Amino acid sequence: MASKTWLITGTSRGFGREWTQAALRRGDRVAATARDVRSLDDLVAEHGDAILPLELDVTDRDAAFEIVGRAHQHFGALDIVVNNAGYGQFGFIEELSEQEARDQMETNVFGALWVTQAALPFLREQRSGHIVQVSSIGGISAFPNIGMYHASKWALEGFSQALAHEVEEFGIHVTLIEPGGFSTDWNGSSARHATKLDAYDPVREAAQAKRPRGRKG
């Protein structure tokens, strides 16, 4: 099986790290982005030149274009682009601040959009490639207390479905992944929480009682 070149965002933990390790184990090459590339030191020590750690905040459009270009130049190709970077914003709709709402969309929607746009010229030129968008069960259904997260994933689903039709002619495939409940850090230290309003405590408690543990969204 011919080796592939991957670009995966959000590789410091969770699914991004697991996919990075899996690709490296099968002999592929990975441009692995993270906000703190020190989290990838152990993978560099184990896999050497097969992994290229790249510092990236996906909300920075110019940086996204620069990093994708560096990855392509370094490896000479891009075959699979995985937009995994993202986080969960918790809070009832009334509780969300403007900044919390905007930040959620900036990372989960625009971050994926910028990386996708940066990769497309390379994939179009080679007339092949695969863009993998990491959505969630929360991209097709909705639950209390994570409404803004759902909004971001529904937006990701919408532009990705349109994209799939737009790039089919160029031999580029687009896949949406919609995980259910997994034991990741999605609702742990990587999550953000709005300031709670006491009025919603009964609703919050009822929702928490019904919610399966470990749900990714």
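Please read these numbers as outputs of a predicted model, since none were measured by experiment.
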Nearest-0.5 Å distance that lies between atom [atom1] in [X] and atom [atom2] in [Y]:
{"X": "Trp19", "Y": "Ile80", "atom1": "CH2", "atom2": "CD1", "answer": "12.0 Å"}
{"X": "Leu96", "Y": "Met148", "atom1": "CG", "atom2": "CE", "answer": "7.0 Å"}
{"X": "Phe143", "Y": "Ile137", "atom1": "CZ", "atom2": "CD1", "answer": "5.0 Å"}
{"X": "Lys196", "Y": "Phe92", "atom1": "NZ", "atom2": "CZ", "answer": "9.5 Å"}
{"X": "Asn83", "Y": "Leu176", "atom1": "CG", "atom2": "CG", "answer": "10.5 Å"}
{"X": "Arg17", "Y": "Asp42", "atom1": "CZ", "atom2": "CG", "answer": "4.0 Å"}

Within the distance-only criterion (no hydrogens, no angle test), does the side chain of [X] pair as donor or acceptor with the backbone N or O of [Y] below 3.5 angstrom?
{"X": "Trp154", "Y": "Gly138", "value": "yes"}
{"X": "Ser12", "Y": "Ala34", "value": "no"}
{"X": "Gln104", "Y": "Tyr87", "value": "yes"}

What's the shortest heavy-atom distance between [X] and [Y], and which atoms?
{"X": "Ala32", "Y": "Ile51", "answer": "CB-CD1, 4.0 Å"}
{"X": "Asn84", "Y": "Val134", "answer": "CA-CG2, 3.8 Å"}
{"X": "Asp79", "Y": "Gln126", "answer": "OD1-NE2, 4.3 Å"}

Would you indicate whether the side-chain heavy atoms of [Y] and [X] approach each other to under 4.5 Å?
{"X": "Lys153", "Y": "Glu178", "value": "no"}
{"X": "His47", "Y": "Val30", "value": "no"}
{"X": "Asp103", "Y": "Gln89", "value": "no"}
{"X": "Ile131", "Y": "Leu123", "value": "yes"}
{"X": "Arg29", "Y": "His74", "value": "no"}
{"X": "Tyr200", "Y": "Pro144", "value": "no"}
{"X": "Glu100", "Y": "Glu95", "value": "no"}
{"X": "Leu24", "Y": "Gln21", "value": "no"}

SB check Glu106 Arg102 (cutoff 4.0 Å): no
Between Asp41 and Arg38 (salt bridge meaning N to carboxylate O under 4.0 Å), is one present in this structure? no
Decide whether [X] and [Y] are clustered together by the hydrophobic rule: side chain heavy atoms of Ile, Leu, Val, Met, Phe, Trp, Tyr closer than 4.5 Å, transitively.
{"X": "Val109", "Y": "Ile93", "answer": "yes"}
{"X": "Ile177", "Y": "Val167", "answer": "no"}
{"X": "Leu52", "Y": "Leu78", "answer": "yes"}
{"X": "Val37", "Y": "Val68", "answer": "no"}
{"X": "Val115", "Y": "Val82", "answer": "no"}

Any idea how Phe122 and His72 line up, ring-wise: parallel (<30°), tilted (30 to 60°), or perpendicular (>60°)? parallel
Check the orientation of His193 and Phe90. Use parallel for under 30°, tilted for 30 to 60°, and perpendicular for over 60°. parallel
Under the criterion side chain to side chain contact (heavy atoms under 4.5 Å, CB included), which of Gln161, Gln133, Met105 is the partner of Leu156? Gln133
Give the intermediate values and the outcome of side chain to side chain contact (heavy atoms under 4.5 Å, CB included) for residues Arg127 and Glu169. CA-CA 9 Å; Arg127 301 195 70 83; Glu169 173 67 23; 4.1 Å; yes
